[in-house]
Amino acid sequence: MIHRSFFARDVHEVARELIGAVLLVDGIGGRIVELEAYQQDDPASHGFRGPTKRNASMFGPPGHAYVYRSYGIHWCLNLVCAEAGRADAVLVRALEPTEGLDLQRARRGSQSVRALCSGPGKLCQALAITGEHDGLPLDRPPFRLEPSDGTARVVTSRRIGITRAAELPWRYAEEGSRFVSRAPRAPSG
DNA sequence: CACAGGATATACT
DNA sequence: GTATATCCTGTGA
């Protein structure tokens, strides 16, 4: 069980240690295989221009969820890090589905296991994460987080789908995983 | 494999 | 009005 205090640290440390951790919502989910780090002083972050109604939970205490709607259609899940008042968070981009595959398939339509959670919008649909989860603590139901066993090898690469600060290697993924949203193009560390 | 286009909430110009 | 931390479908090389 990962306690919310786990998140009261540097976002990059948290991101690296969360690869291989298990994320469940109402018992449904899988192993985290891909994350991206966003910081308050990062032009690509929603918190860069200060608090708004949408990003309010980013500025709240760490160890809580920040859920926002993307392109008017999809939900995306972030885990708030650092100290309260600092808008740092990791975006959960992909899971290796392990729990509740039938329900995930039903929510996503008849799909291959690889297509269930290989993207931030996809995994929110598979786990039924919506705006109602925005601001909820991550160490209380319906969330459950179990730590990685430490065997996952982590690679970094550039973040996906952004135009500002696109050169920063702040995407973290499990090396060789077939469940990431896209294969890292230029792996390092 | 690489695009283009559409759905459409929220924030910014 | 324009852009965006997305996804799906269609077209064509």
Side-chain angles (χ1 to χ4, degrees), chain A residues 7 10-12 14-16 18-19 23 25 29-30 32-60 62 64-82 86-97 103-136 138 154-174 177-186:
Chain A
F7 295 92
D10 177 80
V11 279
H12 303 285
V14 172
R16 193 171 280 276
L18 279 179
I19 296 297
L23 169 67
V25 179
I32 297 174
V33 296
E34 182 182 350
L35 296 161
E36 284 176 0
Y38 289 86
Q39 299 188 7
Q40 182 165 346
D41 54 354
D42 164 11
S45 171
H46 286 174
F48 183 63
R49 297 167 200 272
T52 66
K53 184 174 182 179
R54 175 175 68 165
N55 68 17
S57 42
M58 257 191 126
F59 288 85
H64 290 242
Y66 163 45
V67 182
Y68 73 94
R69 210 189 261 284
S70 177
Y71 289 85
I73 301 175
H74 305 285
W75 295 104
C76 294
L77 170 67
N78 292 254
L79 314 178
V80 179
C81 299
R86 189 181 158 87
D88 293 3
V90 292
L91 168 69
V92 185
R93 286 195 55 90
L95 306 179
E96 174 182 341
L103 190 48
Q104 293 191 39
R105 269 190 280 257
R107 288 166 172 167
R108 293 267 309 134
S110 186
Q111 305 279 343
S112 69
V113 176
R114 264 175 79 166
L116 293 178
C117 295
S118 54
K122 295 179 184 178
L123 74 88
C124 282
Q125 188 179 14
L127 273 58
I129 296 169
T130 72
E132 297 189 0
H133 296 86
D134 183 43
L136 295 183
L138 299 169
V154 179
V155 294
T156 61
S157 54
R158 294 188 302 186
R159 295 177 292 183
I160 293 175
I162 60 172
T163 56
R164 290 167 300 190
E167 74 286 356
L168 297 174
W170 287 357
R171 177 180 178 225
Y172 297 81
E174 179 176 22
S177 173
R178 296 167 300 129
F179 298 93
V180 296
S181 61
R182 287 169 46 183
R185 215 167 65 82

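Given the structure is predicted, the values throughout are model-derived calculations rather than measurements. Throughout, protein chains are lettered first and strands after them, A, B, ... in sequence-line order, and every chain is numbered starting at 1.
Note: NE2 (A/H46) to C1' (B/dA9) measures 11 Å, nearest angstrom. Distance, A/W75 CH2 to B/dT8 C1': 12 Å, rounded to whole Å. Protein atom CE of A/M58 is 13 Å distant from nucleotide atom P of B/dA11, rounded to whole Å.
Within the nucleic acid shown, A/R159 has no heavy atom closer than 4.0 Å to any nucleic acid atom. Contacts of A/G72 with the nucleic acid, taken as non-hydrogen atoms under 4.0 Å apart, include base atoms. At the heavy-atom level, A/S181 lies nowhere under 4.0 Å from the strands shown. Nucleic acid contact for A/I162: sugar-phosphate only, since backbone atoms but no base atoms lie under 4.0 Å from a heavy atom of the residue.
Taking 4.0 Å as the cutoff to heavy atoms of chain A, we find the contact window on DNA chain C bounded by C/dT4 to C/dC8.
A/E36 has no carboxylate O lying under 4.0 Å from a charged side-chain N of A/R159, or vice versa, which leaves the two without a salt bridge. With respect to A/E34 and A/R171, a salt bridge is recorded, a charged nitrogen being found less than 4.0 Å from a carboxylate O.
Between A/Q39 and A/H12, the side chains place a donor N or O and an acceptor N or O closer than 3.5 Å (distance only, hydrogens not considered). Between the side chains of A/R108 and A/Q125, at least one donor N or O sits under 3.5 Å from an acceptor N or O.
The backbone N or O of A/R178 sits less than 3.5 Å from a side-chain atom of A/R114, completing a donor-acceptor pair. At distances below 3.5 Å, not a single donor-acceptor pair connects side-chain atoms of A/S57 with backbone N or O atoms of A/G60.
Nucleotides B/dA9 and C/dT9 place their C1' atoms 22 Å apart, quoted to the nearest Å. When the P atom is compared between B/dG5 and C/dT2, the two are found 15 Å apart, to the nearest whole Å.
Base-pair partner of B/dT10: C/dA3 (Watson-Crick or G-U wobble, both distances under 3.5 Å).
With B/dA9, B/dC12, B/dA7 as the candidates, the nucleotide lying closest to the side chain of A/I73 is B/dA7.
Taking the six-membered ring for Trp and the full ring otherwise, A/Y38 and A/H46 have centroids separated by 6.0 Å or more.
Nucleotides of DNA chain C nearest to A/R54 and A/L123 differ in position, and the one nearer the 5' end is that of A/R54.
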